[in-house]
There are 2 protein chains.
Amino acid sequence: MAGVTPPRRDVPAATVARLPVYLRALHDAATRGVATVSSEALAAASGVRPTQLRKDLSHLGSHGVRGVGYDVGGLTAELTAALGLTRTWPVAIVGMGNLGRALAAYSGFATEGFDVVALLDADPLLVGARVQGIAIAVMTELPRLVTELRVAIGVIATPPQAAQQVADALVAAGVEAVLNFAPTAITVPSHVSLRSVDLATELNVLAFLRLHGEPGTGVGRAG
Amino acid sequence: MAGVTPPRRDVPAATVARLPVYLRALHDAATRGVATVSSEALAAASGVRPTQLRKDLSHLGSHGVRGVGYDVGGLTAELTAALGLTRTWPVAIVGMGNLGRALAAYSGFATEGFDVVALLDADPLLVGARVQGIAIAVMTELPRLVTELRVAIGVIATPPQAAQQVADALVAAGVEAVLNFAPTAITVPSHVSLRSVDLATELNVLAFLRLHGEPGTGVGRAG
DNA sequence: GAATGTGAACTCCTTCACAGCA
DNA sequence: TGCTGTGAAGGAGTTCACATTC
């Protein structure tokens, strides 16, 4: 990766959330055989405005070519490095209900630097069953699995009642990043990164928009 | 619902995204038999600061009691009305892969004002199979189903390549709100509401935070 | 005394306008 | 000329400080 500008420290959170979207659009462009893209084209494919895109990339110290655009391969390498996708992040998913299984099979989790290496559930009836080629383990195995497989990110896909104790178990086992899909607020120590995704909330927001006649069109955020 | 203050028009989007979280915390409180909550207690249960909560509620013209707090039942009714959950919103899910099935079964979608009434898929092999008691229909049935079942919200859980054409079909059928889970940017006419949720993006953000040593702890947003 | 409601300050993000460069 | 990069302006959201009410 020689020649790739090291990412800066002060990238705004809102920008970070958009970088994966740009990266996907770049992959699409590369697949179509495009060698150079303008901020206008890349922004359109990403659902943002060109100025937004350029400002975002400027936080990475990115260098396009004025009058020409961005080199698809070069920018891909820069974003990949900035997002830390030049290494692989082992992921454990806790909770093998419908959502957990879907996440285990979700292609977006399997591509580009993330590797689902462990699946766990509290239900003894599920333990041992294989999902995506991985045997579901009991929760008591969590510390061992995290250590041996060097799990960096824990995903919570349990019912809300269990979410906090699963988060505690993940943190105790040494996981330093938690992604919570359970519809409840959880807390973790300050040295642990936490993101929560609430699927139902999005429906609520849409209902609100419809109710008040505000379309509010635009590409929603994921974060 | 007499006595419930009608919701105001100018509620900030960020506030709207938090209202469902407050509503859930209120339900928990009611379940525990609590009749009155302070902004401090409700904020703690929701993962936000008390001032944030009070400012959010002030946008609804809400009235707590100074020196006392909020009436759990009364505030629940206000939030329910503000979010448009006094009516039922029929939902159609397109794409019956792992994610679509998980969403169809997701309890958060079934509670409180949302009703999954139609499931569709382009794969003839899936058509007719039942998920959650609903038979999967072919895409050509979409216009009829939307009309007959008065579908208000369409959920896209297809591969990214199909997402835009599914969105177009939903819009053509008369759906005025779209929730996109496919990892790609899609566009809809300006009169249609659109939200996109990108599951993989959240993993990327966590990887970035870890990579740069910024825990960034806090309860993440769903929107 | 206790807790809400809110104007004002502050921080963060987006958009604009245009300078800079191939 | 064409398109990027960026300082400055503008807008949105959060936090603070405190007046207000029970």
Side-chain angles (χ1 to χ4, degrees), chain A residues 5 8-19 21-22 26 29 34-72 74-75 78-79 205 214 216-223, chain B residues 5 8-19 21-22 26 29 34-72 74-75 78-79 205 214 216-223:
Chain A
T5 309
R8 293 183 184 168
R9 266 92 244 269
D10 59 345
V11 182
T15 293
V16 174
R18 283 186 295 267
L19 296 182
V21 180
Y22 302 155
L26 283 168
V34 175
T36 304
V37 283
S38 66
S39 65
E40 186 165 345
L42 192 54
S46 304
V48 303
R49 298 210 209 296
T51 48
Q52 177 92 270
L53 174 78
R54 294 204 299 274
K55 177 67 87 178
D56 283 341
L57 295 183
S58 76
H59 291 297
L60 303 178
S62 168
H63 275 275
V65 181
R66 293 168 198 240
V68 179
Y70 300 90
D71 176 70
V72 172
L75 189 54
E78 281 204 49
L79 293 187
V205 172
E214 270 290 344
T217 295
V219 175
R221 284 162 304 106
Chain B
T5 309
R8 293 181 185 172
R9 265 94 245 268
D10 60 345
V11 182
T15 293
V16 174
R18 282 187 295 268
L19 296 182
V21 180
Y22 302 153
L26 283 168
V34 175
T36 303
V37 284
S38 65
S39 64
E40 187 166 343
L42 192 55
S46 306
V48 302
R49 304 241 157 76
T51 47
Q52 176 93 270
L53 174 77
R54 294 204 299 274
K55 178 67 86 177
D56 282 342
L57 295 183
S58 77
H59 291 297
L60 303 179
S62 168
H63 275 273
V65 182
R66 292 166 199 240
V68 179
Y70 301 90
D71 176 69
V72 172
L75 189 53
E78 281 206 47
L79 293 187
V205 172
E214 270 291 345
T217 295
V219 174
R221 285 162 302 108

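All values below were derived from every heavy atom in this structure, side-chain atoms included, with hydrogens, water molecules and symmetry-related copies excluded. So that the names make sense, note that chain A is the first sequence line, chain B the second, and so on, each numbered from 1.
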_Below 4.0 Å: OP1/OP2 of C:dC13 and any side-chain N or O of A:Q52_ =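 It does not, given that no N or O in the side chain of A:Q52 lies less than 4.0 Å from OP1 or OP2 of C:dC13.
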
*Sorted by first residue and then second, give each salt bridge (Lys or Arg N to Asp or Glu O under 4.0 Å) pair with at least one member in residues 38-55 of chain A; sequence neighbours left out.*
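Not a single pair qualifies under salt bridge (Lys or Arg N to Asp or Glu O under 4.0 Å).
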
*What residue pairs, at least two apart or across chains, pass salt bridge (Lys or Arg N to Asp or Glu O under 4.0 Å) with a residue in residues 56-65 of chain A?*
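For residues 56-65 of chain A: A:R18-A:D56.
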
How many whole angstroms separate atom [atom1] of [X] from atom [atom2] of [N]?
X     : N      : atom1 : atom2 : answer
B:L53 : D:dT15 : CG    : C1'   : 14 Å
A:R49 : C:dA17 : CZ    : C1'   : 16 Å
B:D10 : D:dG11 : CG    : P     : 16 Å

*Where protein sits on nucleotides 2-10 of chain D, one letter per nucleotide: B base, S sugar-phosphate only, - none, heavy atoms under 4.0 Å*: BBBBBBB--

Who pairs with [X] by side chain to side chain contact (heavy atoms under 4.5 Å, CB included), at least two apart in sequence or on another chain?
X     : result
A:A43 : A:V48, A:P50, A:L53
A:A44 : none
B:V68 : B:T36, B:V65

*Heavy-atom side-chain contact between A:Y70 and A:L26 under 4.5 Å*: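 With C-beta onward as the side chain, the pair stays apart.
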
